[in-house]
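This report refers to the structure that appears directly beneath it.
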Amino acid sequence: MNLLTSDTVIKQQIIDQFEKHADELNKGSGSQINRFRKQALNDFNRLGIPTTKNENYRYTPVDRFLHGNYDLELLANPFRINLEDVFKCNIPELDTDVLLILNGFYYGSERQLNLPDGVIICSLNEASQRYPDIFNAHYSKYADTATDGLVAMNTLFARDGIFVYLPEDTELNRPLQIINLTYSFNNLRITRRNLVVAGKNAKAGIVICDHSLCEQSYHINSLSEICLGDHAHIDYARIQNENNLSAQINNVFVNQQANSHFNSHIITLHAGLSRNNFYVKLRDPYCECNLYGLFLCDGNQHVANYTLMNHDSPNCLSNQLFKGILDDEATGTFNGKIFVRQDAQKTRAYQRNNNILLSSSAKMNSKPHLEIYADDVKCSHGATTGQLDNEALFYMRTRGIGVNEARHLLMYAFANEIVSEISVDVLRERIIELIDKRLRGELSRCNNCDIHCIP
Amino acid sequence: MLEIKNLHASIEGKEILKGIDLHVKAGEIHAIMGPNGSGKSTLAAAIAGRDIVEITEGEIIYIGENLKDMNPEERARKGLFLGFQYPVEIPGVSIVNFMKTAINENRKFKGLEPISASEFLKLMNEKQELVGLHSKLTNRSVNEGFSGGEKKRNEIFQMAMLEPLLAILDETDSGLDIDAMKIVANGVNKLKRSDNATILITHYQRLLDFVIPDFVHVLYKGRIVKSSGKELALELEEKGYEWIEEEV
Amino acid sequence: MQMPSQSKIVQGMDASQDKLLTQVTRGDYEFGFYTDIETDSFAKGLDENVIRQISIKKNEPEFMLEFRLKAYRHWLTMKMPQWAHLTIPEIDYQNIIYYAAPQLKPGLNSLDEVDPELLRTFEKLGIPLEEQKVLSGVAVDAVMDSISIKTTFKETLAELGVIFCSMSEAIREYPDLVKKYIGSVVPYTDNFFATLNSAVFSDGSFCYIPKGVRCPMELSTYFRINTANTGQFERTLIIADDDSYVSYLEGCTAPIRDENQLHAAVVEIITLDNAEVKYSTVQNWYPGDKNGKGGIYNFVTKRGLCKGDHSKISWTQVETGSAITWKYPSCILRGDHTTGEFYSVAITNNYQQADTGTKMIHIGKNSHSTIISKGIAAGHGQNSFRSLVKVVKKADKTRNFTQCDSLLMGDQCGAHTFPYIEVENDSAVLEHEATTSKIGEDQIFYCNQRGIDTENAIGLIINGYAREVLNKLPMEFAMEAQKLLQISLEGSVG
């Protein structure tokens, strides 16, 4: 009889894997990345992989997705990728600076980036060595390895990723488009670590596309720390389109200083498991943070969105809106918390989760929680789970709209509430197009991409 | 155009319509009056094909076809229009998008190409003017946040857009002030042709001051108990529904 | 704090509100007195022997002792639950008296034989036990410490076949019914406090409504903790047979003491086909003093099983007392077309803590549930609402509507909501809404401008805020609840 539970087995596998490769990992990365590993190992050893006994993972059995043998890629694959040949995801007419990350390693851009003076965009590993002052002031300062075993695990294996630094008063001329590709013939365990630092009054748009170029099973542990200085503004949009055997844990730590503004859209079109954790700290007064999420899942897909909105200071505004459409055997989870500290008076914090179940085997769990210690606040949360509105369907049918078309219109309208908030027009239109195709059950790979990445 | 024979219908096992006979020919306007709960809206729902209404006996023949087993959109594409008593709010779906979809689905059914953007725009403007629907409204979600009058006007607007053969207007006059009612009535009158017909379902006589019906029927406890010309409406107004009760 | 004087009370407020305010001026916790009466108490501590002694005292049949011992043995393997948003000091379960009974003469039949001191106690609590004085239409079972003192109107009810008596009596007189249903909704393994209760419960109320009977009067249990250092562990069992109806009320108070006292009750309700039970609680245990000293720990398991089709269970609670409340009156909607309702007002003032809410488990098809919760936190109070709405795969066409509102008064308190929504059926429709707010200065100003002082304005606004729930209470209770709300919040505005 096996006395070990699966999570302890996975934990031990991961620790063994780390110990086996620790030297290579340390050799390949800067000392500023390496110096956090020891603490991370202690924390990971203590916390392990979260199980459903962990309140925050109650409905997301990550351990079920993470067991099995996965290789570690310790060096960037020398295989040169020609973006134009392999991947044609770049959104037509979307004028962006495109950067590539392959299996967690920074590949940069084919073309010269058109960046304002002082702006640094490079690999995380490079930044740790070339810009130690900026790097050390922020790296691992927001993502506390003691909070979550998966955060500890990311810090333990951190090797590379993207580094973005915007000095005071700079603004990117056009959005930065980061393409995260996974391409492998083996089952891989991938770690991605990103750091974005926006100085006072800096402004940037970041678009992230997550894509599989293979049908292998892989597990990505991605972590981004995003720090916004006073009056900084970041628009962050992410489109997740990965294969059904993938498991992605995506941790985003946002730290906001006074008057800063952070917008995020996470659109999950395909994934085996996609777990997005948002930890937002509204550190100073007058910050605004908007988190939007849309997930469309079918088959056995599992999409989980977790948010912790910390209102640490007065006069901040936060909005969370997460919507899901679930078909087949899919499972969706929304697990959100607004935490308002005692001195965070005049807080306005809103949270909403709406879900539509299309099949009798789909499941949705929703946990919209509030924890409030200040009295002069306006907070609300709402959650609904239901079906397409039958009254509306009948109404449309009496106007001659067929039942499928009517259902599609309603689903589309449901999703559109999220997408309509995206500020870049071409991106919004592109996403609308993808969602439209996804809802029609067509492959949602990009138009002119040759790779059938969705099995 | 419409021939209803001995129609019995029930909702959740409760019989509401207990043997309705009704004949409507092209070019005619019929008014169906009756007290609350007499089955007026159930009759409209039965014709439009609402699934909660179960037809237990009798039949509805529309332009020569039995409506049994025909789904609501097919009935609509064959020119049947129901103006709802309580128009449904559809958040997130703009009227423009909604109407465009409806028109194109109807056109597809007739084997026509989708309407061009410019043609559609022209049609929208023309019909909006007809019913006095503010153009600002058409960019809003269907019926969402509309006043009672705006919702009803929107129903007439959609009727104008879809040009039905048979329009059933279920209590389209309720909750309207006199000006709004004139606009609705005006819409109905303007859309009247020799090849189409209208059924007005109403509780009060006042709409019939503006739209002159050819026939008035009184529906009472699931049966049409009296049918006559337009003078019946006036008589009803004067004597009240108690009079019918006594007559029956 | 400024007490509102009679002269300030404005014209135009209705008479009930007038009376209310007079009562408010009387002050803090008005039921804090102690009755000096001879008591038959066990020594402190708990072991199998204590449980056997309780069973012997109650003259119970063997099956009951077995139930108790099974529960006790299971309890020894359990730990106190830690998941609630509460700070619970360590409880020494060996430092509690598990049985304390006011001395009764044996074979009590008429009221003349009840100790006059006890009658006076309940009279002081506003619960006269002499039937001619009782509010017509309410039958009362009065429980002090571990035993039931007196049940009124028993004979009147017996004519209809309604059984309403103390739990001890039911175990002796109706063992078959008790055996069939006890532990069927809250099994002895359910949770730490329910398991402890299963082992040591001393008394409580039992109620059986036979087929087709609509109980003509409200049935009511009044719980009183009197003796120091005792824990109160009552157990209530209500069975509503096919096509029956009953409205059940529960009230509770305790003397003011510096030590905390434990109250761990269990209430089980079973409704068969087409039956309806309405259960209302006005919970006014001693909440502790302004500095958080003393007060009752109220750790209660209440659960109803809508077993039969078309049956309905409705919980209404007004929670103003207790130092710590841990309580989730729930409904298991097993039958088709069943209805579960939960209406709650919970106040925490001073250093009170409450973690309360409900579970609605939809198993039957077409089952509907409604949850309305109004939390009010003042002083240093921490008020948490916790709920689970679960729809299992087979439960077609279920509906739930949840609304939980929180009101905060002052910046030292906290209001928290922890809903869990789990849906496995695509024909279910669930809606959850929640808001958090404070009493608007503009609202108070508006009242002030009409001549209503701030204290009264807050009373008005709070009562308005809680109206939706208070309306669900039977008349007599609604008045009491309204009064309690106001008293509980005294001193919370400066």
Contact origin within Arg352(A) toward chain C - heavy atom pairs under 4.5 Å: neither
side-chain contact (heavy atoms from CB on, under 4.5 Å) evaluation trace for Lys378(A) with Thr436(C): CA-CA 6 Å; Lys378(A) 283 202 177 98; Thr436(C) 298; over 6 Å; no
Within-4.5 Å side-chain heavy-atom neighbours: Glu55(A) and Trp83(C): no
Donor-acceptor side-chain pairing of Glu422(C) and Tyr59(A) below 3.5 angstrom: yes
Which atoms of Ser437(C) approach chain A - backbone, side chain, both or neither, heavy atom under 4.5 Å: backbone
Trace of the side-chain contact (heavy atoms from CB on, under 4.5 Å) decision for Glu424(C) with Ser360(A): CA-CA 7 Å; Glu424(C) 296 187 8; Ser360(A) 60; over 6 Å; no
Chain A contact via Asp411(C) - side chain, backbone, both or neither, heavy atoms under 4.5 Å: both
Thr331(A) versus chain C, the contacting section by heavy-atom distance below 4.5 Å: neither
Contacting moiety of Gln382(C), where chain A heavy atoms sit under 4.5 Å: side chain
Within 6.0 angstrom of Lys346(A) NZ, more than 12 heavy atoms from elsewhere: no
Approximate separation, where rounding is to 0.5 Å, of Asn383(C) CG and Ile372(A) CD1: 11.5 Å
Shortest non-hydrogen contact from Glu431(C) toward Thr384(A): CG-CG2, 3.9 Å
Contact check, side chains of Lys337(A) and Phe418(C), non-hydrogen atoms, under 4.5 Å: yes
Nearest-0.5 Å distance, CG of residue Asn425(C) to CD of residue Gln387(A): 8.0 Å
Structural part of Ala383(A) lying under 4.5 Å from a heavy atom of chain C: both
Atom NZ of Lys374(C): over 12 foreign heavy atoms under 6.0 Å: yes
Heavy-atom donor-acceptor pair, Asp375(A) side chain to Gly410(C) backbone, under 3.5 Å: yes
Atom group of Lys367(A) that falls short of 4.5 Å from chain C, counting heavy atoms: both
From Leu357(A) atom CG to Ser427(C) atom OG, the distance as rounded to the nearest 0.5 Å: 9.5 Å
NZ/Lys323(A): more than 12 non-hydrogen atoms of other groups inside 6.0 Å: yes
Which atom of His369(A) lies closest to which atom of Pro419(C), heavy atoms considered: NE2-O, 2.7 Å
Under 4.5 Å from any heavy atom of chain C - which part of Leu358(A): backbone
Glu371(A) side chain reached by His85(C) side chain, heavy atoms, under 4.5 Å: yes
Test item: Gln342(A) side-chain N/O and Gln412(C) main-chain N/O as donor-acceptor pair under 3.5 Å: no
Any donor-acceptor pair under 3.5 Å from Lys438(C) side chain to Val377(A) backbone: no
Winner by heavy-atom pair count (cut-off under 4.5 Å) against chain A, out of Asp405(C), Leu430(C), Val429(C), Thr435(C): Leu430(C)
Within 6.0 angstrom of Arg334(C) CZ, more than 12 heavy atoms from elsewhere: no
Pairwise distance CD1(Ile421(C)) to OG1(Thr385(A)) - rounded to 0.5 angstrom: 6.5 Å
Contact leader toward chain A among Leu407(C), Asp426(C), Leu408(C), where contacts are heavy-atom pairs under 4.5 Å: Asp426(C)
Chi angles and distances behind the side chain to side chain donor-acceptor pair (under 3.5 Å) call for His432(C), His381(A): CA-CA 8 Å; His432(C) 177 104; His381(A) 64 174; 3.2 Å; yes
Proximity breakdown for Gln345(A) and chain C, heavy-atom pairs closer than 4.5 Å: side chain
